[in-house]
Amino acid sequence: MNQNIALPIRLVVLISGNGSNLQAIIDDINNNNLPAQIVAVISNKADAYGLQRAKKAGIEQRVLSHRDFSDRTQYDQALKELIDEYQPDLVILAGFMRILSNEFVEHYLNKIMNIHPSLLPKYKGLNTHQRAIDAGDKEHGCSVHFVTPELDDGPVILQATVPIKADDTAETLATRVHEQEHRIYPEAIRLFAENKFSLNL
Ligand code: GAR
C-alpha cells in the first residue's frame, strides 16, 4: 500500500502531553536513522509540552482543542481536515489521549499507528503499569500497532518486553517501558517507510 510513497515519508504526529515519543522520532530523523519528515505536530491541549519540543525542532505546531467542539463527530471532522492540509503518508498517535470515531479511523486506515504501554492485547486503556503490577505479572512492555476502530486494538507491528521487579512502582515501571517505546516507535516507522511491511484492511 505504501509502495508509491516517496522518501522521506510525511508524518503528522498527534500528541496530548509530554511528547517524549515525539522527541524520540525527531531525534531519529535528525540522526538520519529515519527517512521521514514531521510536517506537523497537532495537540488537543494547548499546554502540551510536546508542542515546545516541536517548536524547538522547527516543526509546525497546531492546537485543536476538543473543548471547542460540542461532540466527538465534529471534533474528529475538524481534526481530519486539519491533518489532511498536510497530506501525510502516515499519522502517528504519540500519547494522543482521545478516543477516535470509527469514521476518523477508517479515513486513515492502513496509515495510522499508535503506541500503547502494554503488551497488547493485555491492558488496553489507562493505568497499564499499575494493572500489570497488581496482576502479579513478571513482565510488561509496549506495543506499536496499526489503529483500527476499537480502542488500543489493531494489528501489532512491534513489541518490546521489560521485566517487572519486586520493588517496582507504576512510576519506575513506566520509566523502563518508556525507554523501550522510544526505541520501537521510530523503528516501526522506519520499517513502514522502507516498505518492509504494509497493512491492507
Ligand atoms: C506513552 O507511554 C504512550 O504509550 C501512552 O501515552 C504515553 C505518552 O507519552 N499512550 C497511550 O496510553 C495510548 N493508549 P509521551 O507523551 O511522553 O510520548
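As the structure lists them, so they are numbered: ligands from 1, and atoms in each ligand from 1. Heavy atoms only: backbone and side chains are in, while hydrogens, waters and symmetry mates are out.
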Min heavy-atom dist Q23 to ligand 1 below 4.0 Å: no
Residue and atom name of the nearest protein heavy atom (relative to atom 9 (O) of ligand 1), distance in Å to one decimal: H178 NE2, 3.7 Å
Aromatic contact, H140 with H129 (centres under 6.0 Å): yes
D137 bridged to R131 by N-O distance under 4.0 Å: no
Expected output: side-chain D89 to main-chain R10 donor-acceptor under 3.5 Å: yes
N18 neighbourhood, listing ligand 1 atoms whose heavy-atom distance to it stays under 4.0 Å: 16 (O), 17 (O)
Residue part near ligand 1, for V177, under 4.0 Å between non-hydrogen atoms: neither
D153/K124 salt bridge by N-O under 4.0 Å criterion: yes
Over all atoms of both residues, closest heavy-atom pair of L151 and G125: CD2-CA, 4.4 Å
Protein residue, atom and distance nearest to atom 5 (C) of ligand 1, heavy-atom basis: P117 CD, 3.8 Å
Non-hydrogen atom of G19 closer than 4.0 Å to ligand 1: yes
D152 neighbourhood, listing ligand 1 atoms whose heavy-atom distance to it stays under 4.0 Å: 14 (N)
Any N or O of S20 closer than 3.5 Å to N or O of ligand 1: yes
Polar side-chain atom of D168 near backbone of K165 as donor-acceptor pair, under 3.5 Å: yes
Identity and distance of the protein heavy atom lying nearest atom 3 (C) of ligand 1: E181 OE1, 3.4 Å
Spacing of CD1 belonging to I15 relative to CD belonging to Q23, to within rounding of 0.5 Å: 10.5 Å
Within 45° cone and under 6.0 Å: R98 NZ/CZ vs Y75 ring: yes
G95 neighbourhood, listing ligand 1 atoms whose heavy-atom distance to it stays under 4.0 Å: 6 (O), 8 (C)
Sub-4.0 Å heavy-atom contact, I115 with ligand 1: yes
